[in-house]
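Okay, so here's the structure we're looking at.
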Amino acid sequence: MSDQDSVIEWFLENQRDLPWRKSTPWGVLVSEFMLQQTPVNRVLPKWKEWMDRWPTPPDLAQATSGEVIKAWDRLGYPRRALRLYESAQVITANHDGQVPSTYEELLALPGVGDYTAGAILSFAFSTRAVVLDTNVRRVITRWHQGEEFPHSSLSKAERALAEELIPKRSALWAGATMELGALICTAKKPQCSECPLRETCAWRAAGYPAGTPMRTQGKWHGSDRQCRGTIMAAIRQGVSTLSEISWTDEEQLFRCIAALKAEKLLTQVGKQLSLPS
Ligand code: SF4
């Protein structure tokens, strides 16, 4: 059995039961937007809620941007909600309400980059595609390059290697390598004894030489991200004036409000703040 087959067989026995794996192309697209910067356990309830409320792109396209931002709730990085909303509008207007199935058409949707286009092709349409998220990159780097972590930017060589490794059962391979990176070949504590690649893993064979972790997000406390999250949470909960937002650094508060307004995530009239309508 090839290494790829071993990984796929491991996946078929051990994969988590995630609802978007049995969903429509739209369900896959929604999950990919939500999972871009948010862990699975936080995405699960929100994805279910979202799909109940807006089961197709035309359903979401009819909502207001304020409703969409409110429904995004605490998933973080609410720009993704607006991009998803805009994607629903483009799909409704240009693709008869159906998620398109070519790389070029997917890449033309707001908020869809190379990774997301590949993931949708693979998971929604079972089309052969390179799907390289952080987890997959870590698995391939350890298994093939003998290094603990991938470089911060994706190189042409790394992409070519990933493409070369895709087996016939490409969609299962994409899901399997993501799952292996999420559950077994984790960043901090890989469980090599349970890994289907343990006999051929170059990093394991080399005795686990230490690498340089990819850059992680800076501290949360006091950051602009926390300030923006505090503002958006307050407004979603009905706070409408600047003075009601509890944040001590006034300069930072004004800067973050200006950025949120520029990104069309909130509107301001005088001291009154609200979600866009
Ligand atoms: S053997 Fe260990 S380090 Fe190598 S791919 Fe498997 S889990 Fe990762």
Side-chain angles (χ1 to χ4, degrees), residues 1-22 28 31-32 34-44 113-124 126-217:
M1 192 187 289
S2 70
D3 280 340
Q4 282 90 335
D5 282 335
S6 303
V7 172
I8 289 170
E9 292 310 316
W10 169 86
F11 177 60
L12 292 173
E13 276 177 34
N14 295 285
Q15 65 178 305
R16 290 166 293 179
D17 183 17
L18 301 176
W20 44 83
R21 289 190 173 145
K22 295 170 268 185
V28 172
S31 76
E32 289 300 334
M34 290 184 170
L35 289 164
Q36 277 167 9
Q37 276 145 320
T38 310
V40 165
N41 59 344
R42 285 180 51 212
V43 165
L44 270 170
D114 176 65
Y115 160 74
T116 306
I120 295 166
L121 282 178
S122 188
F123 303 139
S126 296
T127 300
R128 183 185 168 95
V130 177
V131 184
L132 276 175
D133 76 344
T134 315
N135 287 329
V136 178
R137 292 185 67 205
R138 188 171 58 248
V139 169
I140 293 179
T141 299
R142 289 175 178 176
W143 172 38
H144 260 259
Q145 319 285 82
E147 292 173 18
E148 187 175 15
F149 298 111
H151 295 286
S152 50
S153 55
L154 178 67
S155 68
K156 277 187 183 165
E158 189 184 349
R159 192 183 164 85
L161 172 64
E163 188 149 16
E164 207 177 287
L165 290 170
I166 300 174
K168 211 168 171 195
R169 293 189 283 174
S170 59
L172 278 172
W173 171 247
T177 44
M178 281 173 94
E179 197 77 331
L180 191 68
L183 301 182
I184 301 291
C185 192
T186 56
K188 289 191 180 147
K189 279 194 184 163
Q191 298 165 55
C192 302
S193 59
E194 312 215 358
C195 178
L197 295 172
R198 62 187 174 277
E199 297 306 328
T200 54
C201 175
W203 188 52
R204 180 169 180 257
Y208 303 111
T212 311
M214 287 170 76
R215 193 169 53 85
T216 51
Q217 287 174 340

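Just so you know, ligand 1 is whichever comes first in the structure, and atom 1 is the first atom listed for that ligand. Just so it is clear, the model here is predicted, and its values are computed rather than measured.
In this structure, the protein non-hydrogen atom closest to atom 8 (Fe) of ligand 1 is Cys185 SG, 2.4 Å. Closest to atom 6 (Fe) of ligand 1, if we only count protein heavy atoms, is Cys195 SG, 2.4 Å. When hydrogens are left out, the protein atom nearest atom 2 (Fe) of ligand 1 is Cys192 SG, 2.3 Å; that is the closest non-hydrogen contact. Protein heavy atom at the shortest distance from atom 3 (S) of ligand 1 is Trp203 CE3, 3.5 Å.
Using a 4.0 Å cut-off between charged side-chain N and carboxylate O, Glu147 and Arg142 make no salt bridge. A salt bridge links Glu179 to Arg21: one of the charged nitrogens lies within less than 4.0 Å of a carboxylate oxygen. Between Glu9 and Arg169 a salt bridge is recorded (basic side-chain N to carboxylate O distance below 4.0 Å).
Which parts of ligand 1 touch Arg198 is read off a 4.0 Å heavy-atom cut-off, strictly below it: atoms 1 (S).
Between the Arg198 side chain and the Arg204 main chain, no donor and acceptor come within less than 3.5 Å of each other.
The closest side-chain donor-acceptor pair between Gln36 and Tyr115, if any, does not fall under 3.5 angstrom.
Inclusion of Cys201 in the first shell of atom 8 (Fe) of ligand 1 is not supported: no N, O or S atom falls under 2.8 Å.
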